[in-house]
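What follows is one structure encoded as structure tokens, with my remarks underneath.
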Amino acid sequence: MLSGQAIRKLEGSLFIAPWVIGFLAFMAFPLGYSLYMSFHQVTIISTGIEVHPAGLKHYKYILLENGEILYNSLFPFLRQSLLMLPIILIFSLLVAIMLNQKFPGRALFRSIFFLPVIFTTGEVVQEFMTQGKGDLGFLQRYNIASLVSENMSGAWAGPIVAVMGSFVLILWYSGVQILIFLAGRQTIGASVYEAARIDGATPWEVFWKITLPGMTPFILLNLIYTTVDLFTFPTNPILSQVTSSNYGQSSALAWIYFVIILVFLGMALWVFQKVQKASGMGAAD
């Protein structure tokens, strides 16, 4: 007979097995071949592909010789992502808490908040942004963008204006996060809230002492998901640089970008842990 711990490990292995099989069958070779091409000069000819060793040529060119490819495009987007990340997390958390309440039409409102995830492909979102449909009307009416540009440094004014210009579309990307937070909110038992009300706790105290600590694991999950999701956002300038015109250089850029994503994600997790320790929130086991 297997022990309970062994059964849980077996169940976990069975759940993850489809992803592992799919990764090995469909993604492992393309990823490995992409890394291989990043160290070679790739030429497309009529009979196939010619590959000549190039060493670190592409990496040196991207990192040291041509700042236009990486630095001039990526750094403003990273600053923009730093602004978008808390906006999406806070918005989705508050909406999830509201959607967890009992009121008429609750299922309809849950569907409305999740529908953009289904319908908005990258092309659709890009078209909306091209038409200027993602901003808030009062920002243009009161010329907020000019005020931001005049009173802040150019390094941050540009990303802030870009976020304001696509604010509605950013909130559209909160559907999955709302769903995760909603599931997390339902893991907190109603008896805990009843006990808090009996003890005289105010709604504000209940939020900070019960809801937020109980949602900590789901905040971490959404932090990881949102960070990765932002790096495939339609306004990401690096994605347009990865083209088929130069497979070797594009492969090197993709791998550099992958490492940057890991570093950015590590920084986000580090900041989350610092905030968690400072606020005294304990992650659930």
Side-chain angles (χ1 to χ4, degrees), residues 80-120 125 134-139 160 163-164 166-233 264-265 267-285:
Q80 183 178 339
S81 298
L82 286 174
L83 298 172
M84 295 163 63
L85 190 61
I87 291 174
I88 292 176
L89 290 178
I90 294 174
F91 173 78
S92 57
L93 176 60
L94 296 179
V95 170
I97 292 175
M98 289 188 292
L99 291 178
N100 189 65
Q101 305 298 318
K102 294 181 180 180
F103 58 88
R106 180 174 61 172
L108 175 62
F109 282 99
R110 290 180 177 179
S111 302
I112 290 174
F113 277 103
F114 192 73
L115 280 178
V117 178
I118 302 174
F119 292 117
T120 54
V125 173
D135 61 347
L136 299 175
F138 73 89
L139 297 178
I160 291 175
V163 169
M164 292 191 302
S166 58
F167 197 83
V168 175
L169 299 180
I170 291 172
L171 300 185
W172 278 11
Y173 270 69
S174 303
V176 174
Q177 291 88 334
I178 292 173
L179 189 64
I180 293 174
F181 277 137
L182 186 59
R185 171 60 184 82
Q186 293 175 356
T187 62
I188 305 175
S191 59
V192 180
Y193 291 96
E194 292 176 0
R197 284 194 294 269
I198 293 173
D199 290 338
T202 64
W204 186 250
E205 292 172 335
V206 168
F207 174 78
W208 286 105
K209 300 297 184 180
I210 298 177
T211 303
L212 194 59
M215 298 287 283
T216 301
F218 302 94
I219 295 175
L220 177 60
L221 177 60
N222 270 332
L223 175 65
I224 297 173
Y225 174 82
T226 307
T227 301
V228 176
D229 192 46
L230 284 178
F231 280 91
T232 59
F233 199 68
F264 190 89
L265 183 58
M267 292 174 57
L269 294 177
W270 180 79
V271 172
F272 175 81
Q273 291 177 351
K274 291 294 183 180
V275 173
Q276 182 180 350
K277 290 180 180 178
S279 60
M281 291 188 302
D285 293 330

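All values reported here derive from a predicted model rather than from experimental measurement.
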For [X], side-chain contact (heavy atoms from CB on, under 4.5 Å) partners two or more places apart:
X	value
V206	Y193, A196, A201, I210, T211
W270	K274
Q273	none
T202	W204, E205

Measure the spacing between [atom1] of [X] and [atom2] of [Y] and express it to the nearest 0.5 Å.
X	Y	atom1	atom2	answer
M267	T227	CE	OG1	11.0 Å
L265	I224	CG	CD1	6.0 Å
L223	T216	CG	OG1	12.0 Å

Side-chain polar contacts of residues 177-188 - donor-acceptor pairs under 3.5 angstrom, sequence neighbours left out - could you list them?
residue: Q177; atom: NE2; partner: T226; partner atom: OG1; Å: 2.9
residue: T187; atom: OG1; partner: G184; partner atom: O; Å: 2.4

Could you go through residues 86-103 and list every donor-acceptor pair under 3.5 Å that involves a side-chain atom there, pairing it with any protein atom two or more places apart or in another chain?
residue: S92; atom: OG; partner: I88; partner atom: O; Å: 2.7
residue: S92; atom: OG; partner: L89; partner atom: O; Å: 3.0
residue: Q101; atom: NE2; partner: I97; partner atom: O; Å: 3.3

Exercise. Any side-chain heavy-atom pair from L212 and I219 closer than 4.5 angstrom?
Worked result: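 The answer is yes; the side chains approach within 4.5 Å.
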